[in-house]
**Student:** 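Below is a structure I'd like to ask you about.
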Amino acid sequence: MELDYTFIIIGSMAGIISGMMPGVGMTVLMILAYPILTDLDINQIFQFYVSAILVSQFAGSIVAIYFAIPGEVSSVPAIVEGHAMAMEGRANQAIFISAFGSFVGGVTAMLILLLLGGLLLKSFLHFTTLFNVLLISLVFVFLFLLSTKNRTEKYIFPLVGFVLGLVGTTPHDNHNSWLTFGIRDLETGIPLMGLLIGLYSLPLLTTLHRNKIKETIKIVRFSFRDVKIKLYQIAISVWWSVYGFMLALVPGIGLDVVSNTAHRMQESFNKKFSWREKKENNLLAAETANNSGALSIMIPLLAFGLPTNTSQAILNNVLADKSYLFGVMSFNQSFIDMLIGVIAITSVLGFILAGPLAYLLGAFFKKTENYIYIILGLMLVGLTLYMGQRTLNLPVYATTLLVTFVAGMFLRNYNVLRIIYFFMVTPFFVENWLRLAFILDIL
Amino acid sequence: MTKKIVVLLITMLFSFSAMADEKITVILGGSAGGTLNSFNAELVKDLEQAGYDVDAQPGESMVKGGQIYSSLQGKNAFLFVPSAQINAEDDLVKRDLTISPVKTENMAFAIVNYKSLCAKAGTDLDRVFKSGNSLKVGMNEGVRINDKYVDRLNKVTKSKNVMVPYNSSGKQIKGLITGDIDVTLVNEANALRFTKEGRVTCNYTTNPNGGNGFDPLSGKINDKWVGWQYEYLLVGHIKSDDAEFTKEFHKAITAIINDPSSNSGIKIAKNGWFALDLSQKDLMKRYNLVFNSTQKLLK
C-alpha cells in the first residue's frame with residue numbers, strides 16, 4: 001500500500017473540521033464524506049480516515065482551550081485544564097502543551113506498532129469465528145453495562161438498532177433476506193446515510209446552532225518564545241502514550257474514557273510527586289493518551305472487522321461494500337508500513353496546525369460559527385438525496401430521512417448513537433453467531 | 001503481433017461506427033469492490049477507448065443492479081451479471097424475473113467461469129474424497145444450494161461433513177486460513193490468487209474438462225451430478241430502442257473481450273475466466289442451457 005499524499009492532506013483538513021466543530025466529530029465527518037468514500041479505492045479510504053482521526057485529536061483541543069467547548073468528546077480535560085490556563089493568559093502555553101502531547105502520542109503509537117506489528121500479523125491467523133463470537137458478545141455485554149440515562153436508552157435503543165440492522169440481505173447468505181416485507185428496494189437494507197443523518201446529524205446540528213459560543217478569550221498570535229516544556233513532562237507524555245494505546249485496544253473503550261482516566265490519574269501523580277505544573281501535566285496526560293489511543297482503537301476493526309464506535313462503523317460499511325476483508329486477509333506488513341507513514345506525516349502536520357497555526361484556526365471558527373451548522377445541515381440533506389438518486393433508491397432514502405428526522409428531533413436529548421451503533425454491528429453479530437451454529441452443526 | 005493489429009483495427013472500426021459519442025449507461029451489478037465490478041471497471045475503460053460515452057451507475061448488488069437495468073427506459077443500458085442463475089431461481093419461486101428482457105437481441109457477450117475445491121496450504125485436500133469424514137465444508141451458493149452440495153458429497157463419500165455458509169469468496173478463504181473450515185468450493189479467481197500466494201491448495205475444478213491447472217472435480221469424485229460440473233455464466237446484457245445499436249455493441253464488445261491485450265482481456269485471464277466468442281443467437285442458447293441446469297440444481 002503506497003502513501004497517497006493527496007488523501008492524507010484531505011484527511012488532515014477534514015480532521016481539522018471534525019475536531020474543531022463541537023459535537024460534530026468524526027461521525028458527522030464520515031457521513032459527509034460517505035458518497036465520496038464510496039468512489040475511492042481502499043488504500044485512499046484508509047489514509048483519509050486515519051489522517052482525519054489523528055488530526056481531529058489535535059484540533060479538538062483548539063476550541064476547547066479558546067472557547068471552552070469540546071470539539072471531540074475526549075476534549076473535556078482540555079476544557080478543564082486548557083481553558084483555565086487560557087483564562088490565566090497562558091493560552092499559547094496550553095495550545096503548545098496540547099499539540100506537543102498529541103505529537104508524542106502519535107509518535108509513540110507509531111513506535112509501538114513498529115515493534116508489535118509482526119506479533120499482530122501472527123495473532124490474526126487465530127481469529128476464528130468462535131473468537132469473533134466471544135468478542136462481539138463481550139462488546140454487547142459491555143455496552144449493556146455502561147451507564148445510561150434511563151431504561152429506554154439501555155434496553156429499547158439497542159433493540160431498535162438490532163431489529164433495523166436485520167432488515168435486508170441475511171448476513172450469512174446473500175441469497176435470502178429478512179424483514180423486507182416483499183419490498184425489493186429494502187433488500188439492500190435500510191440506507192445507513194438516511195438513518196444517520198435523520199436520526200443523529202440533523203437534530204444535533206439544530207441543537208448546536210442554538211448553542212453559540214458563550215465564553216471566549218482574546219486570541220493572540222503564537223510564538224515559540226512564549227512556550228516551554230520540561231524534561232520530566234516529556235517522560236509523562238511517553239508514559240501516557242503507552243497507557244492510551246493499551247487501554248484503547250479494549251473493544252468498547254472510547255477515547256473519552258482514555259483521556260478522562262489519564263487526566264484523573266495524572267492529578268494524583270501530581271500530588272504524589274509534588275509537581276507544580278498541575279494544569280499543564282493534566283492536559284498533557286489527557287491529550288497524549290487520546291492521540292495514542294486514536295490509533296489503537298482502530299485495531300479491533302482492522303483485526304476482526306468489528307467497529308468500536310460510530311465513525312468506525314461507517315468506515316466498516318464503506319469497506320464492506322467494497323468487499324474488503326479485515327484481519328489475516330489484509331493486515332500485512334505493507335498495511336503496517338502505510339499506517340506508520342500516515343502517522344508520521346499527520347503527527348507533524350497536526351502539531352503545526354494545532355500549535356503555531358491554532359490562533360488562525362480559532363479566529364476563523366469564531367467568525368464562521370453563525371453559518372457553519374446551517375450549511376452543514378443543508379449539505380447533509382442534499383448528499384442523502386443525491387445518494388438515493390444515484391442508486392435509484394430515492395423513495396427509500398427520502399422516507400428513511402424523513403421518518404428518522406422526526407424520531408431524532410423527538411429523541412434529541414437521548415443518546416441515539418446507541419441505536420445507530422447496534423444497527424451497524426448487528427450484521428457482524430448475527431453473521432458470526434449463525435456461522436458458529438453451522439460450524440458446531442447446531443443448525 | 002499481426003493478430004493484435006487485426007484485433008485493434010477491428011476494435012477501431014467498430015469504435016468509429018459506434019462512436020459519435022454513443023451514450024450508454026453501464027450498471028455496475030455486484031458489490032463495489034467485488035470480482036464483478038473490478039471487471040466492470042476495466043470494461044468501462046475499454047468502452048470509453050472504443051468511443052462510447054459511458055455513464056457508470058452503481059448497482060449495489062446483483063439483484064439491485066438487475067432491477068435497475070430492467071426498469072431503465074429510453075436509454076442504452078448494459079449490465080453484466082450471472083443472469084441465468086438469478087432468473088432461474090426467480091422462475092422457480094414464481095416471481096418476476098430480476099433481469100429482463102432476455103432475448104437474442106439483448107445478448108452482448110458472455111464469460112464462463114468455474115469453482116475450485118480448496119484446502120489450506122499444507123493440508124491434505126484429497127481427504128475430502130475419503131469415506132467416514134466429518135469435515136467442515138465452506139459454501140457460498142445460498143443455503144438452498146449449499147446443502148445440496150454437501151448432502152451429495154456425504155452420499156458419495158459416505159461421510160458426515162458439515163456445511164458452513166459464507167456470503168463472499170474472500171471470507172471462505174479467510175475461513176480456511178483461520179481453520180474455521182477444512183475445505184471450500186470457491187470461485188477460481190480467488191483460488192488462483194491465493195494458490196499463487198501459497199495460502200491455499202486448490203487442485204480440482206467444476207470445469208468438466210479441467211482448466212487453469214486444475215483437474216475436473218466430477219472425474220475425481222466419480223459422480224455425474226450436475227453440481228460437480230456446474231458452469232457459471234456471466235452474461236453481458238444490452239438493451240436499446242435502436243436494434244442496430246445492440247448488434248453493433250455485441251460486435252464491438254466481443255472484439256474487446258477476446259482481445260488479450262485489452263484491459264478486460266487482461267482481467268479475464270487473471271480471473272481464470274473463459275470469454276466466449278459466440279453470435280447473439282448462440283449466446284441465447286448458452287443462457288438457456290445454464291438456466292435449465294440451474295433449475296435442475298435447485299430442484
Side-chain angles (χ1 to χ4, degrees), chain A residues 35 37-42 45 124-132 168-177 182 184-189 191 304-305 318-330 332 387 389-393 427 431-432 434-443, chain B residues 27 30-38 41 56-69 71-72 85-86 89 95-96 98 134 136-146 160-181 194 197 199:
Chain A
L37 295 180
T38 54
D39 283 339
L40 302 184
D41 70 36
I42 283 160
I45 294 170
F124 284 3
L125 289 171
H126 305 288
F127 293 160
T128 60
T129 298
L130 176 63
F131 195 92
N132 287 350
T169 309
T170 51
H172 66 301
D173 175 12
N174 283 338
H175 297 69
N176 288 301
S177 49
R184 294 198 89 176
D185 280 345
L186 280 178
E187 281 178 8
T188 45
F304 319 105
V318 175
L319 294 172
D321 274 351
K322 290 184 176 284
S323 306
Y324 181 79
L325 290 166
F326 293 93
V328 67
M329 304 293 284
S330 51
N332 49 27
M387 284 294 283
Q389 188 271 337
R390 196 168 161 236
T391 53
L392 298 186
N393 217 0
E431 181 186 351
N432 280 284
L434 279 174
R435 188 163 298 129
L436 183 67
F438 276 102
I439 289 171
L440 299 175
D441 203 13
I442 298 167
L443 284 178
Chain B
I27 297 140
S31 60
T35 314
L36 267 191
N37 272 345
S38 64
Q57 171 90 55
E60 290 187 335
S61 73
M62 287 191 274
V63 170
K64 181 76 189 159
Q67 289 170 322
I68 294 172
Y69 171 82
S71 65
L72 275 181
Q85 278 92 349
I86 297 170
E89 203 168 338
R95 69 178 168 216
D96 292 342
T98 304
S134 52
K136 291 173 181 68
V137 184
M139 295 293 299
N140 175 22
E141 308 294 322
V143 171
R144 205 167 157 177
I145 297 182
N146 291 346
K160 288 183 177 169
N161 299 307
V162 174
M163 188 278 291
V164 181
Y166 284 86
N167 55 6
S168 86
S169 52
K171 285 182 184 172
Q172 287 174 275
I173 300 282
K174 188 177 173 183
L176 278 184
I177 294 170
T178 58
D180 271 339
I181 49 175
F194 291 101
E197 287 183 15
R199 291 185 169 207

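Labels below follow one simple rule: chain letters A, B, ... track the order of the sequence lines, proteins then strands, and each chain is numbered from 1.
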**Student:** How many angstroms lie between atom CD1 of B:I181 and atom CD1 of A:I439, to the nearest 0.5 angstrom?
**Tutor:** 8.0 Å
**Student:** Rounded to the nearest 0.5 Å, what separates atom NZ in B:K174 from atom OG1 in A:T128?
**Tutor:** 10.5 Å
**Student:** How many angstroms lie between OG1 in A:T169 and NZ in B:K64, if you round to the nearest 0.5 Å?
**Tutor:** 11.5 Å
**Student:** Where on B:E89 is there a heavy atom nearer than 4.5 Å to chain A: the side chain, the backbone, both, or neither?
**Tutor:** side chain
**Student:** Quick check: are there more than 12 heavy atoms from other residues, nucleotides or ligands sitting under 6.0 Å from CG of B:D96?
**Tutor:** no
**Student:** Taking side chain as everything from C-beta outward and backbone as N, CA, C, O, which of these in B:V164 sits under 4.5 Å from a heavy atom of chain A? Side chain, backbone, both or neither.
**Tutor:** both
**Student:** To the nearest 0.5 Å, how far apart are CG in A:N132 and CG in B:D180?
**Tutor:** 8.0 Å
**Student:** Begin from the C-alpha positions of B:Y166 and A:R435 and carry the test side-chain contact (heavy atoms from CB on, under 4.5 Å) through to its verdict.
**Tutor:** CA-CA 8 Å; B:Y166 284 86; A:R435 188 163 298 129; 3.4 Å; yes
